[in-house]
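Everything on this sheet refers to the single structure shown next.
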Amino acid sequence: MSQFFNFEEEEPKIYQLWLKRNVGSLKSSSKDPFVLTMPPPNANGELHLGHVFGYVTMDILGRFYRAKGLPTLLLPGKDHAGIQTQVVYEKKLKAEGIDPATLAREELYKKCSEFCLDRAGYMRAQEQSIGITADWDKEFFTLDERLNRTVYETFIQMWNDGLIYKGLRIVNWSVFSQTAISDVEVEYQEQKGSLWFIRYKGVTISRKPIKKSEFNLQKTSSDAMFIEGQKLPIGDLLEINGANYCVFSHEISDPLVTRDGTVLVPFFGFDLITATTRPETLLGDTALAVHPADPRYKELVGKKVRVPLLGYEIPIIATKKVDPLFGTGIVKVTPAHDFLDYEIGEEAGLEMRQVIDKFGKMTELAGPYAGLSVNEARKKVIENLGEDLVNTKTITHKVPISERGKDVIEPQLSEQWWLRVDKPELNLKERALKLLRDGKIKIYPENFTDQVIKWFENLKDWNISRQLWWGHQIPIWTKGAEIKASIDSPGADWVQETDTFDTWFSSGQWPYTTVSAAGLFDLKTTSPYFPTHTMVMGRDILFFWACRMILFAAYRFNDVPFKNLYFHGLIRDEKGQKMSKSKGNGIEPKEMLKKYGADALRLGMIVGTSPGIDLKFSAKKIEGYSKFTNKLWNASKLIELKFGLEAVKPTEIKLESSKWILDKTARVFTEVSERLSSYAIPQAADLAYDFVWFTYCDWYLEMMKVMANEPESKYVTAVTFKAVLLMLHPFIPFITEAIYLKLPFLKDKETLAEESWEFNFNSDGSTNIERVIDIITAIRQVKAGIGAPYSPMNISVDNLSIEEKALVEGIARVTVLDQINDPLKKPYKGGEVLCEVKNKAVYKEFLVKELNETILRVNSCEAKLSSDFSKRADPKLVEEERTKLSQLKASIDLLQVEIRGIG
RNA sequence: GGGUGCUUAGCUCAGUUGGCUAGAGCAUCAGCCUUACAAGCUGGGGGUCGUAGGUUCGAGCCCUACAGCACCCACCA
């Protein structure tokens, strides 16, 4: 047999066997099923490590529950990923020399479908290569005909419930993608930019400042200043050290100002000056706004000013939405191109002056600037402002960027379809919140629950329409002024809305569209398959997806879509940075597979992670775990070598080593089960790893070598090793399966994947093996200390049974005699080992060191016992501490005698 | 501005309800190819558990404050 497991050759064969055995297929049973709808990856690329991270977690759960006898369904799928796929696909077409604009919508759609289908197949193969036991017969695509009906049905139901409306509202507009995108798809990028201070002429503030140069000003965190202890009338203008200030009231500066005293805010002059980072939007201004209590501008509310360059008049209005401490405390209001301004505009009934069109060009309303791009207009406006541009400040600010296209977002008025989330009679927000607050979903890690709740509390109406062709065309039909929601065309003259759904409108329904399309849930009566058992996803799509799924299930069933929600972290490189193609720090799963195999990859992704916490990942880590799979492979070789034949179950377990390993294995097996049940997946893997290597291989298999001729030992090795394979199988399915298949005496089923999760052994747990281990370790220390780890040595220890004697002799490579001459005494916990050492002097310094350490421990032990510890702690602990102390003292006596003896 | 997470060995991280000498992998030092495994084995070195307080017989763990890092949400006119 080969020294190494040939994963490259064997893994695909094993996966084919699982497929043949229908391991991943849902089996019927009376037990409650384990259903997990897998997050569909975007069918426009290939699997990356983030996917692997999630899928491995899901497959571990799936294999575990399947082995426990639950009908298990890991339901796979692929996402059409609306805007992202459209961007990718159009880029691909352009690269092939085809202009997407020349193709008809149907044609594009068809070609794009084929493209996705092709990618989906490729990605499916990748999922299989990492061992995912999904039920492939139930794989769906988010644009799948079998799901679409349910998606449309939901929309139509919402329409009938009055939750859908069309409205001209401000949206995040992506010029590059020519579509609106949702809030969550907007990213902010830090950029250097300018803050321009612009004067609006028309009215002038008539008050005169009082000169006060003797004040000593203290700056606060905001733009406010303090004069401590001074009482000055609010609204007074002061000139201090050459700059103008206005005395501010406390009420409106709260909570920005934290100290008592007179607060001053800078006063920027006697004309109205406002600051902006987007000066071109002044062409669309329809008001200036100030805070109603701002003493600087209170008297001006209701008056009018002229917009620079265009010269039309706009009113000065008051709204609490203005922060008086930012900039000059005056906001230019452009309702058509800014979210806050839109709100102010709606509140005050202002005109919406659209000066930027959907191509990012200035409209006719921009007068002489019409036709220019936003950037050109900005430049020209600045040039033309002349002395009305009173100041320019360089600042770093955050610019909204499209998450998919990476282009700058221009807020824009646009006709869109909206889902109302707070209709009083059917309040989706409240429904979802109630389910969450009632704890209907257990979220891992727990503290994410608050984040989800907060998101729902702040939820606003959702723009569900996109101006794309790749997606579900909204099932709204119009004929003149008539409008209807219907899946199929209501008749010849009806025209369908061209917008498509936001991709999350369909993927948000994933759990029930798929489970119902798989024939497990009729969407009306209750089903054990819905709500699903568990959902696993990366924390980055919490708001995108998890919340949307909760919203939809709340709407359709007033229930949750899943009972458990597990978030895994994101994969980062060794330095903690996001992996990306542009940075070149990404790790390709397929490279790792080729180099280390699926098992090492799986284990490396799981151990040392925590729910919701990002994972710094490196190829080195996988390499480390590939050593473990190799270790296991070699353990199987040893067992195979020592056995060959089937072991017979003995009537009674007699050997101490057998009882010991049976007991240990049973405990660990139970603990691994408990950890998996409570989603402590990394901890389960860690425990299994630790046990297998450091207990099973390092100790038990060494004992087994000594006991190999005992029939009982063969049996015990067989059952415990099978338990080892079982508990490792969810994490490293391939190699455990390969071992199972080659060791006939383990087999009860065709494959390990079909075995049941079971291992029991009842015992009182008492054995002397721990003592044997201590003795062997003590001997090894002596041997290492004298620099002769492999030379034979005579030793003597009290009270060794025949078995124990054999174990000590076999493993420590010594001869145990009843009596030896002039021994070196080495203490171990609870006793001493007599070793026949000719040249003890070499060993002396080791003994001295040990003595010193032991003295320190005795001191701390005594200190502990003489404190209140002995009175207040658990008596059992105190007793243990006393035992420890007496053992340590015995060791000290021994060591001192020995050291003196050596001289 | 609001929130969350992290800070433990040179590096990457475990450490489940407070309780044996705080662990692992990688790296490092010494020795060993001992017939399952050198991708290994044996033995060792290396840590004031971010800082400062507090609760407790006892704190890496609980509480308070602070610092640094990372991320999320909102705002940035």
Side-chain angles (χ1 to χ4, degrees), chain A residues 1 3-4 183-184 188 195 221-222 255-256 274-278 281 288-289 321-323 326-334 338-341 344 395 397-399 445 447-448 450-451 454-455 458 539-540 542-543 569-570 572 574 576 607-610 612-618 620-621 623-642 671 674-675 678 680 682-683 686 689-690 693-694 697-698 701-702 705 777 780-781 783-785 787-790 813 829 846 853-854 856-857 860-861 864 867-874 877-878 880-881 884:
Chain A
M1 192 194 310
Q3 189 181 0
F4 303 117
D183 295 347
V184 276
Y188 291 88
L195 190 62
S221 56
S222 65
L256 293 164
T274 178
T276 179
T277 54
R278 295 190 297 154
T281 61
L288 288 187
K321 293 197 159 94
V322 175
D323 172 4
F326 186 88
T328 63
I330 303 174
V331 177
K332 55 184 277 310
V333 185
T334 321
D338 184 278
F339 281 85
L340 181 70
D341 294 2
I344 295 173
I395 55 162
H397 62 143
K398 287 178 191 162
V399 180
N447 61 312
F448 277 37
D450 289 344
Q451 287 189 44
K454 215 165 243 170
W455 189 82
N458 295 325
R539 65 168 180 79
D540 53 331
L542 198 168
F543 302 122
L570 310 180
R572 303 188 170 263
E574 293 163 280
V607 182
T609 66
S610 278
I613 305 274
D614 291 353
L615 169 65
K616 278 189 212 159
F617 193 74
S618 62
K620 245 184 160 177
K621 196 172 171 195
E623 191 188 332
Y625 287 104
S626 71
K627 292 182 180 176
F628 178 73
T629 54
N630 186 50
K631 182 81 181 171
L632 189 69
W633 180 250
N634 279 299
S636 77
K637 267 167 59 186
L638 170 68
I639 290 169
E640 193 174 19
L641 205 75
K642 293 285 175 191
E671 183 63 27
E674 276 167 14
R675 290 183 186 192
S678 57
Q683 289 87 340
D686 201 40
Y689 174 98
D690 199 75
W693 199 315
F694 304 113
C697 290
D698 281 0
L701 288 184
E702 292 304 317
K705 283 183 197 165
T777 306
R780 281 174 176 167
Q781 282 167 349
K783 284 186 155 192
Y790 288 100
R813 289 159 202 278
K829 197 162 77 188
F846 289 87
E853 274 169 16
T854 315
L856 284 176
R857 289 181 54 200
S860 79
C861 209
K864 195 170 182 182
S867 72
D868 282 354
F869 173 77
S870 43
K871 279 180 243 157
R872 315 195 62 156
D874 186 340
L877 286 170
V878 179
E880 273 171 28
E881 197 69 16
K884 199 175 94 189

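In what follows, every chain begins at residue 1, and chains take the letters A, B, ... in the order their sequences are listed.
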Fill in the blank from the handout: Checking N1-N3 plus N6-O4 or O6-N4 for Watson-Crick, or N1-O2 and O6-N3 for wobble, each under 3.5 Å, the partner of G23(B) is C13(B)

Exercise for the section: Figure out the CG/C1' separation between Asp338(A) and A74(B), and round it to whole Å. Expected result: 14 Å

Practice task
Under 4.0 Å between any heavy atoms, over every strand shown, what does Tyr625(A) touch: base, sugar-phosphate, or nothing? Just pick one.
Solution key: nothing

Exercise for the section: Start with the C-alpha distance between Asp338(A) and Arg278(A), add both sets of side-chain angles, then the distance that settles side-chain contact (heavy atoms from CB on, under 4.5 Å), and finish with yes or no. Expected result: CA-CA 10 Å; Asp338(A) 184 278; Arg278(A) 295 190 297 154; 3.3 Å; yes

Fill in the blank from the handout: Whole-Å distance, Leu701(A) CG to G40(B) P, equals 16 Å

Problem - Main-chain N/O of Leu638(A) paired with Lys705(A) side-chain donor or acceptor, under 3.5 Å - result: no

Practice task
Taking atom P in both A67(B) and A30(B), compute the distance separating them and give it to the nearest angstrom.
Solution key: 46 Å

Handout entry: Val322(A) side chain reached by Leu340(A) side chain, heavy atoms, under 4.5 Å
Key = no

Handout entry: Any side-chain donor near an acceptor of the partner, Asn630(A) and Lys627(A), under 3.5 Å
Key = no

Exercise for the section: Verify, without hydrogens or angle tests, whether Lys783(A) (side chain) and Arg813(A) (backbone) share a donor-acceptor contact under 3.5 angstrom. Expected result: yes

Practice task
Output yes when at least one side-chain N/O atom of Lys627(A) is less than 4.0 Å from OP1 or OP2 of C26(B), else no.
Solution key: yes

Handout entry: Distance test, side-chain N/O of Thr277(A) to OP1/OP2 of A77(B), below 4.0 Å
Key = yes

Exercise for the section: State whether Lys783(A) places a side-chain N or O below 4.0 Å from either non-bridging phosphate oxygen (OP1 or OP2) of U42(B). Expected result: no

Practice task
Identify, between Lys621(A) and Phe543(A), the residue whose nearest nucleotide on RNA chain B lies closer to the 5' end.
Solution key: Lys621(A)

Problem - Under-4.0 Å side-chain N/O to phosphate OP1/OP2 contact, Gln683(A) with G15(B) - result: yes

Handout entry: Shortest side-chain distance from Phe869(A), nucleotide among A36(B), G19(B), A77(B)
Key = G19(B)

Exercise for the section: Please confirm whether any donor atom in the side chain of Lys631(A) sits under 3.5 Å from an acceptor in the base of C37(B), or the reverse. Expected result: yes

Exercise for the section: Describe the nucleic acid contact of Arg539(A) in one word from base, sugar-phosphate, nothing, applying a heavy-atom distance below 4.0 Å. Expected result: sugar-phosphate

Handout entry: Watson-Crick or G-U counterpart of C61(B), or none if no pair lies under 3.5 Å
Key = none

Practice task
Would you kindly compare Arg813(A) and Phe339(A) by the position of their nearest RNA chain B nucleotide and give the one closer to the 5′ end?
Solution key: Arg813(A)

Practice task
Would you indicate, yes or no, if G44(B) has its OP1 or OP2 atom less than 4.0 angstrom from a side-chain nitrogen or oxygen of Gln781(A)?
Solution key: yes

Practice task
For Val322(A), report the nucleic acid contact type (base, sugar-phosphate, nothing); a contact means any heavy atom under 4.0 Å.
Solution key: base

Exercise for the section: Answer yes or no: does a side-chain N or O of Trp693(A) lie under 4.0 Å from OP1 or OP2 of C41(B)? Expected result: yes

Exercise for the section: Round to the nearest Å and state the distance from Asn634(A) atom CG to A39(B) atom P. Expected result: 11 Å

Handout entry: Check: U21(B) base within 3.5 Å donor-acceptor of Arg857(A) side chain
Key = yes

Completion exercise
By the Watson-Crick or G-U definition, both distances under 3.5 Å, G5(B) is matched with C69(B)

Practice task
Could you check whether the rings of Trp455(A) and Phe543(A) sit parallel, tilted or perpendicular, using 30° and 60° as the cut-offs?
Solution key: parallel

Problem - Pairwise P distance, A70(B) and U16(B) [rounded to whole Å] - result: 27 Å

Handout entry: Between A27(B) (P) and Glu623(A) (CD): distance, integer Å
Key = 8 Å

Practice task
Using a 4.5 Å cut-off on heavy atoms from C-beta on, say whether the side chain of Lys884(A) contacts that of Glu880(A).
Solution key: no

Fill in the blank from the handout: Whole-Å distance, Asn458(A) CG to A74(B) C1', equals 8 Å

Handout entry: Gap in Å between the two P atoms, one belonging to U17(B) and one to C6(B), rounded
Key = 13 Å

Practice task
Return yes if the base of A36(B) and the side-chain atoms of Lys642(A) contain a donor-acceptor N/O pair under 3.5 Å, otherwise no.
Solution key: no

Exercise for the section: Return the value, rounded to whole Å, for the distance between atom OH of Tyr689(A) and atom C1' of G25(B). Expected result: 6 Å

Practice task
Write down the distance separating the P atoms in U48(B) and G10(B), rounded off to the nearest Å.
Solution key: 8 Å

Practice task
For U21(B), take OP1 and OP2 only and decide whether either is under 4.0 Å from a side-chain N or O of Lys884(A).
Solution key: yes

